Amino acid sequence: MASNEENLLSKGYDFSLIEEKWLRHWLEHDCFAAKMEEGRPSFSIVIPPPNVTGVLHVGHALNNTLQDILTRYHRMCGDNTLWLPGTDHAGIATQNVVERQLATEGKSRHDLGREAFIDRVWGWREDKGGTIINQLKRLGSSCDWRRERFTMDEGLSTAVREVFVRLYKEGLIYKGDYIVNWCPRCHTALADDEVEHEDRKGKLYHIRYPYADGSGYVVVATTRPETMLGDTGVAVHPDDERYRDLAGVGIRLPLTGRVIPVVYDHHVQMEFGTGALKVTPSHDRDDYEIGRRHGLDLLKVMDDMGVMNEAAGKYQGLDRFACRQQVVADLQELGLLDKVEDYDHAIGLCYRCKTVIEPTTSMQWFVSVRPLADKAVAAVRDGRIRIYPRTWYNTFYGWMDNIRDWCISRQIWWGHRIPAWTCRDCGELIVEATDPVRCPQCGSSRLEQEHDVLDTWFSSALWPFSTLGWPEPTRELATFYPTSVLITSFDILFFWVARMMMMGLHFMDEVPFRDVYLHALVRDKHGKKMSKSTGNVLDPLEVMDRYGTDAMRFTLTAFAAQGREIRLDEDRIEGYRFFINKIWNAARFALMHVGDCGPEVRGVCEQPQQLSLVHRWILSRTAATIAAVRDGLDGYQFNDVASVNYQFIWHEFCDWYLEWIKADLFSTDARAQSDARAVLLTVLEIVLKLMHPLTPFVTEEIWSVLPGERRTLMLESFPERQERWADPAAEGQMTTLMGIITGIRNIRSEADIHPSARIEACVVCADAETKALIDAYAAAIADMTRLSGLAVQVLGDKPADAATYIYNDIEIYVPLKGLVDVAAELQKLGREREKTEARLRQVSGKLGNAKFLANAPAEVVAGEREKKAALEARLAAIAEAEARLKNIG
């Protein structure tokens, strides 16, 4: 037997040292660099650019782990592989960060002025903006970091201007006074999909609106009574019999005295409230459309801070919510408040600061998206873009069919300033990619640039092609566009994904990516959203410190089923750390025997039919694993990839193969030893390659100490399918032998027989072919189960005092007389049964309590049901063990 005197792997796996070592090596040797070699297929992926303000959270960790898995896989497949990194300037978020910084100095951005403030933000970005990039590197993300982009770097800024100007000149960008979502905290407009909706308890106020002639009143219902000050009409449904006689009747608006008209509109829901709708065109999107259809006036009663303005009369200067209280009190005093009801409804919140959104009319810039959206929908319908999982198709179509024009202007300073100028002398609007010097209409040099900046999502919508050098016809663009796949969370399907489709198809006349994989959102183990306030946040940096990066990456992969949520349990991360240690220890064992093997040993596996059963079995299982892993990676079934690797490595390679071949490795039979060493090294190499995309650090370290000259594992070839190794017969025979061994081990365990005790066993098998197999491997079975003897027979009486295990049509008997104190074991089982029954009664009582079921959180109820199932299973096992003991003698 060949053996290393000194194992090149340490006894314990110190992930912190190894992760730092290999990350440094990969970066110093430029291992992540994209190649553009002729004749090779290309695989490219662009990172969903994290905000420059961001720090790594568990969602980032999942998203980037999945991207890295695909990138490392395709790189090992020999593709020209590019994973392009970068960050987003995050207009509102970044400006807020720097403004808070200024506030600690007693200053505001207005104290600095626009140019100085922008300089301050750039300084912050240089100082702090690389934090998340460094954290992504620690995660093992194999991006081509030389190509890192930023949405406000020079090249991308050029692309943004080019796109804006072209769309404007094509009539697809326009400026107009329109209803927008306004954030009073951030002082900017927001697109529809930048508004988060949250269910809250509120009130529905029923208010009496008197007829102008004093003959009666109509009752309207609203959740925002403060906006009534801006009402310019009351709408009712034309089919509503209750209001048929109101045509031409004026309404005297309470608290203001203004007379407003009644209009008939099919938008009104007759069953809501009283069926009469107050119309406030300047403060409600639906009301805006009603007002436009009927020519109602626009009247804004709030300023951009959410404070009532001069149009609100005596309420001027009140915050909108304070105004609500005052309006309700005044209506009550005037006898005009009919009733107030509790009312649960969804309110819009700013996605950045969570302030309640105020719909308001404003002069803004818009993209006319319908022509762009139609191209994107067509690309999805005809399969040029595929969405995974398929459950998102209908959601995508529904949203795109009802898409509204996109408000792209933001009233902040940090961002791409809109390339539009107005001539102060003649009013001409000039939109150009380069700064104009004079007005083309009148020749004046008195030009004023638009103060607003573009929505952050406008620049990121260009990400798949602007990052590759567009509008220049670069080699990168020709090689890597369209990109292969986009991996992102489903919650930005419309923020970002749909807009990239629109822009890519319009400007490149080609889809921006072939596939879209929408991963789930990460929740805690109970399915709750992670938040600092509830204390259930899993910080990936802390997790990596505790368990290692590979363990965290593997856990995220194992949980990444195609669904809406991932319930992440830290206990599972710890469990997968043991799996990483299992691989490490298996490699240590292997190195004791293959450390001096030369490349010639691989030739043994070229003729698997000449190998013994256990080697043919492991090669067949290896072939099946390679195929399943490749299929899983090609189909974005990441959790299947993790599961297949786990089952093969832990249960087949480690638990069975390594145990089985120990006799050969320590044998004096040179052929048996040589075959075992050759197959062991071959399978170990494949294991490391299959696992490398998921767990790059531990696999790279083990690979580096295997025998022979070796380059970095990440640049090795991914295992090809090995149909020639497929051997169903060998798998069937090994399954039978493993079933017998498992049966004997189960009897030993359940009878509590000491591990070192030598026992006898009898196997009864009527099938002659199976009996011959068992006879041939009787010694191996005995060795792996510590038997002093194994009798194999076709027929026979049950041995006296024997425990029984049935495997398929094979009966296994182990005589227990003298090995087990039956009475004592039955007493012990009886005590355990009583305890288990008591616990089961307690749990069943809870689950039978209607009050508990009605009031306990869903996850608590589910936990109790799981306890009940486990206790019932344990009782069944105890009953089986008691029956087996009672049969002895």
Side-chain angles (χ1 to χ4, degrees), residues 92 96 177-192 194-207 209 220-234 253-258 260 273 277-288 290-291 296-334 336-337 340-364 407 410-412:
I92 296 174
N96 283 344
D177 198 11
Y178 194 72
I179 191 82
V180 297
N181 307 295
W182 186 264
C183 176
R185 161 65 182 79
C186 297
H187 304 157
T188 186
L190 300 173
D192 289 349
E194 291 176 316
V195 178
E196 294 181 353
H197 291 89
E198 180 180 290
D199 291 332
R200 288 190 181 179
K201 295 185 179 298
K203 301 290 184 183
L204 187 63
Y205 302 89
H206 294 255
I207 305 169
Y209 277 35
V220 303
T222 181
T223 59
R224 299 191 300 155
E226 69 279 6
T227 63
M228 67 178 292
L229 302 171
D231 286 359
T232 57
V234 170
L253 184 64
L255 308 179
T256 70
R258 286 189 290 109
I260 58 178
L277 178 72
K278 60 186 286 299
V279 184
T280 321
S282 288
H283 293 284
D284 183 275
R285 185 178 293 277
D286 292 331
D287 291 5
Y288 178 86
I290 293 173
L296 299 180
D297 293 336
L298 296 173
L299 181 63
K300 288 183 66 170
V301 293
M302 292 181 208
D303 64 18
D304 292 346
M305 307 277 288
V307 174
M308 310 310 290
N309 62 21
E310 64 278 2
K314 69 175 185 177
Y315 301 97
Q316 181 178 0
L318 288 178
D319 171 80
R320 53 184 169 155
F321 299 119
C323 181
R324 177 179 301 177
Q325 296 177 350
Q326 189 60 54
V327 164
V328 170
D330 291 348
L331 290 171
Q332 179 80 48
E333 185 177 344
L334 294 170
L336 296 177
L337 190 62
V340 180
E341 297 176 317
D342 290 333
Y343 186 68
D344 296 343
H345 63 124
I347 62 167
L349 305 176
C350 173
Y351 80 114
R352 284 298 177 201
C353 68
K354 312 308 177 190
T355 298
V356 176
I357 289 300
E358 192 62 48
T360 188
T361 49
S362 179
M363 185 66 70
Q364 301 288 343
C407 177
R410 298 292 179 268
Q411 290 65 50
I412 56 177

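As the structure is a prediction and not an experimental result, all values here were calculated from the model. For the single chain, residues carry numbers from 1 onward in sequence order.
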**Message:** Could you walk me through whether Ile412 and Cys186 satisfy the side-chain contact (heavy atoms from CB on, under 4.5 Å) test, starting with their C-alpha distance in whole Å, then the side-chain angles of each, then the deciding distance to 0.1 Å, before giving a yes or no?
**Reply:** CA-CA 8 Å; Ile412 56 177; Cys186 297; 5.8 Å; no
**Prompt:** Applying salt bridge (Lys or Arg N to Asp or Glu O under 4.0 Å), which residue pairs with at least one partner in residues 312-326 are found, sequence neighbours left out?
**Reply:**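 Pairs touching residues 312-326 that pass the test: Glu226-Arg324, Lys314-Asp330, Arg320-Glu358.
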**Request:** Classify the side-chain pair Thr227/Lys278 by whether it contains a donor and acceptor separated by less than 3.5 Å.
**Result:**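 Yes.
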If I compare all heavy atoms of [X] with all of [Y], which pair ends up nearest, and what's the gap?
X      : Y      : answer
Ala189 : Arg410 : O-CD, 2.8 Å
Pro281 : Gly230 : CD-O, 4.3 Å
Val328 : Pro225 : CG2-CG, 3.8 Å
Leu296 : Gly233 : CD1-CA, 4.2 Å
Cys407 : Gln364 : SG-CB, 3.8 Å
Val279 : Gly291 : CG1-N, 4.4 Å

For the residue pair [X] and [Y], establish whether any side-chain heavy-atom pair is separated by less than 4.5 Å.
X      : Y      : value
Cys183 : Ile357 : yes
Glu198 : Lys354 : no
Asp342 : Lys201 : no

**Item:** Flag if over 12 foreign heavy atoms under 6.0 Å of CE, Met363
**Value:** yes
Which pairs of donor and acceptor atoms, one on a side chain in residues 343-350, lie under 3.5 Å apart (sequence neighbours left out)?
none

Measure the spacing between [atom1] of [X] and [atom2] of [Y] and express it to the nearest 0.5 Å.
X      : Y      : atom1 : atom2 : result
Gln316 : Glu310 : CD    : CD    : 5.5 Å
Asp177 : Leu298 : CG    : CG    : 6.5 Å
Ile290 : Asp284 : CD1   : CG    : 8.0 Å
Leu337 : Tyr205 : CG    : OH    : 8.5 Å
Ile179 : Ser282 : CD1   : OG    : 6.5 Å
Cys323 : Arg224 : SG    : CZ    : 12.0 Å

Look at the side chain of [X] and the backbone N and O of [Y], then say whether any donor-acceptor pair between them is shorter than 3.5 Å.
X      : Y      : value
Asn181 : Leu190 : yes
Arg258 : Leu229 : yes
Lys300 : Thr361 : yes

**Message:** Taking side chain to side chain contact (heavy atoms under 4.5 Å, CB included) as the criterion, tell me which of Leu331, Val327, Leu255 meets it with Ile207.
**Reply:**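 Going through the options one by one, the only one that passes is Leu331.
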**Request:** Verify side-chain contact (heavy atoms from CB on, under 4.5 Å) between Trp182 and Met302, making sure each step is shown before the conclusion.
**Result:** CA-CA 11 Å; Trp182 186 264; Met302 292 181 208; over 6 Å; no
**Request:** Would you check, one step at a time, whether the test side-chain contact (heavy atoms from CB on, under 4.5 Å) holds for Asn309 with Val301?
**Result:** CA-CA 5 Å; Asn309 62 21; Val301 293; 4.2 Å; yes
